[in-house]
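The structure presented is a predicted model; accordingly, all values stated were derived computationally and were not measured. Computed over heavy atoms, backbone and side chain alike; hydrogens, waters and symmetry mates excluded.
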Amino acid sequence: MQYDRALVTVMVMRWRPETHCFHLPFGEVTITLQDVQVLFGLRIDGDVVYIQDATRRIRPWSTLLETLTECTIAPTDIDAVRRVRIHNITANLRDRLQVDPIRDATPVERVERIARLYMLVILGGILFPNTSGNLISLQYLAFLDPIHDVGKYSWGSAVLAYLYRALCRASIGNVIDICGFIPLLQVWCWERIFPVQPSAPPQHDGDMLLPYASRWTRVIDRDTESHHVLIPIRDQLDNMMEDQLHQINFATLLK
């Protein structure tokens with residue numbers, strides 16, 4: 001997905017940490033758990049994702065990484081807060097799969113080790129990225145053992161809380177960066193706020209099997225769009241009317 005930095009910047013400017021809402025001319029709106037579930041298919045019930053509890057129970061992280069995934073990281077490549085470069089993980093995945101791709105006869109244990117590495121990248125690099133841009137926390141390994149328990153966690157609520165925290169941090173003081181699951185913010189804006197909505201790609205049959213936001217991952221022709229320029233998008237939101245906010249019928253989407 002191509003990020004719209006101007007849109008994200010303007011929405012951060014309209015974020016109110018006191019209410020966890022975006023301030024618009026006619027009132028306040030926000031991203032909800034239902035948005036997370038419908039747009040990205042993330043679970044919003046289940047066990048709580050509590051990273052601090054995990055950090056007290058499991059150490060050392062380099063040993064755990066090797067045990068769960070057979071991925072070896074040099075101690076010098078792990079920083080003081082248990083983070084490692086994404087490239088170290090993705091390079092390990094690429095090299096291992098080039099030498100021995102996953103096949104029908106591949107032992108289940110090897111499939112699970114590879115799957116854990118993919119999940120680590122998804123959790124630390126996509127759903128819960130930090131402001132470094134290229135480091136992921138090994139603390140998420142605590143949720144990958146046993147691997148069959150990964151699906152029991154309320155990842156959707158954790159993603160939303162993490163994004164709320166990132167928006168609060170970015171909206172206060174002289175902070176110039178933002179982390180969190182930015183695709184959630186961007187797709188929510190595109191689906192909800194008509195003035196900033198690009199021309200959506202046409203849907204096809206495969207979309208019915210994927211989260212609703214998947215239609216925005218296909219190529220969008222931005223050459224004809226003016227919304228990704230900061231001043232026009234700021235002016236559009238300044239003059240926005242309440243009837244320009246899309247009230248999505250989730251019951252229809254979930255059929």
Side-chain angles (χ1 to χ4, degrees), residues 11-12 15-22 28-65 67-69 71 78-84 86 89 112-113 115-132 135-172 175 178-188 210-214 248 250 253-254:
M11 295 308 293
V12 168
W15 181 256
R16 296 294 178 267
E18 314 85 45
T19 58
H20 288 165
C21 292
F22 299 106
E28 292 186 331
V29 296
T30 196
I31 308 170
T32 67
L33 286 173
Q34 198 172 42
D35 291 315
V36 179
Q37 182 184 40
V38 173
L39 294 178
F40 286 92
L42 293 172
R43 183 174 179 174
I44 59 173
D45 60 351
D47 291 354
V48 175
V49 179
Y50 189 52
I51 197 71
Q52 290 185 353
D53 183 56
T55 61
R56 287 196 295 266
R57 291 187 288 109
I58 300 177
R59 283 188 178 87
W61 294 100
S62 58
T63 301
L64 184 63
L65 177 66
T67 300
L68 295 181
T69 70
C71 175
I78 302 176
D79 67 14
V81 289
R82 299 172 290 276
R83 298 184 304 179
V84 62
I86 282 184
I89 303 297
E112 290 183 351
R113 294 188 185 103
R116 287 192 183 99
L117 278 183
Y118 273 111
M119 292 179 188
L120 180 61
V121 173
I122 291 171
L123 292 174
I126 299 176
L127 297 180
F128 305 100
N130 51 61
T131 55
S132 70
L135 297 173
I136 58 177
S137 174
L138 294 180
Q139 297 177 17
Y140 296 108
L141 288 169
F143 301 98
L144 305 182
D145 183 35
I147 194 170
H148 301 292
D149 285 350
V150 178
K152 73 179 184 179
Y153 291 103
S154 179
W155 294 112
S157 60
V159 164
L160 184 59
Y162 192 84
L163 180 60
Y164 275 9
R165 181 177 181 272
L167 286 166
C168 290
R169 176 182 174 274
S171 65
I172 298 175
V175 176
I178 184 173
C179 59
F181 189 36
I182 301 303
L184 172 59
L185 168 60
Q186 184 161 303
V187 171
W188 179 86
L210 299 171
Y212 194 69
S214 63
I248 302 176
F250 284 114
L253 296 179
L254 292 173

Separation between CG (L167) and NE2 (H20), nearest 0.5 Å, reads 9.0 Å
Contacts of S157 meeting side-chain hydrogen bond (donor to acceptor under 3.5 Å, both in side chains) (sequence neighbours excluded), chain-then-number -> S154
Interatomic distance, CG@D35 vs CG@L160, rounded to 0.5 Å, equals 8.5 Å
Shortest non-hydrogen pair, E112 vs H148, comes out as OE2-NE2, 3.5 Å
Hey, what's the ring geometry for F22 with W15, parallel, tilted or perpendicular (30° and 60° as the breaks)? perpendicular
| request: With the side chain counted from C-beta on, respond yes when F40 and W188 share a heavy-atom pair under 4.5 Å apart, and no when they do not. | output: no
With side-chain contact (heavy atoms from CB on, under 4.5 Å) as the criterion, how do S137 and N130 come out once you've worked through the C-alpha distance, each side chain's angles and the decisive distance to 0.1 Å? CA-CA 9 Å; S137 174; N130 51 61; 5.6 Å; no
- request: Would you check if L144 and L123 make a side-chain contact, meaning some heavy-atom pair closer than 4.5 Å?
  value: yes
Using a 3.5 Å distance criterion without hydrogens, assess whether the side chain of Y162 forms a donor-acceptor pair with backbone atoms of P129. yes
For V150 and M119 the tightest heavy-atom approach is CG2-SD, 4.0 Å
- request: Find out whether T69 and L120 are in side-chain contact, i.e. whether some heavy atom of one side chain is under 4.5 Å from a heavy atom of the other.
  value: no
Minimal heavy-atom distance between V159 and L127, with the atoms involved, is CG2-CB, 3.9 Å
#### Entry: Student check: side-chain heavy atoms of V36 and L163 closer than 4.5 Å
no
* Asked: Would you call L42 and L184 a side-chain contact if the rule is heavy atoms closer than 4.5 Å?
  -> no
Taken to the nearest 0.5 Å, the spacing of S171 OG from M11 CE works out to 12.0 Å
Is it the case that the side chain of R116 and the backbone of L68 share a donor-acceptor pair, with hydrogens and angles ignored and the cut-off at 3.5 Å? yes
CG (L117) and CG (L141) are apart, to the nearest 0.5 Å, by 8.5 Å
Taken to the nearest 0.5 Å, the spacing of R165 CZ from I178 CD1 works out to 12.0 Å
Only residue of Y50, F128, Y153 satisfying ring-ring contact (aromatic ring centres under 6.0 Å, His included) with F143 is Y153
Residues E28 and C21: closest non-hydrogen pair is CB-CB, 3.7 Å
Can you check whether I31's main-chain N or O pairs, donor with acceptor, with Y164's side chain at less than 3.5 Å?
yes
Heavy-atom closest pair (V187 atom, A213 atom, distance to 0.1 Å) is CG1-CB, 3.8 Å
For R16, look at atom CZ and say whether over 12 heavy atoms of other residues, nucleotides or ligands are found less than 6.0 Å away.
yes
Nearest heavy-atom approach of I136 to V121 is CD1-CA, 4.4 Å
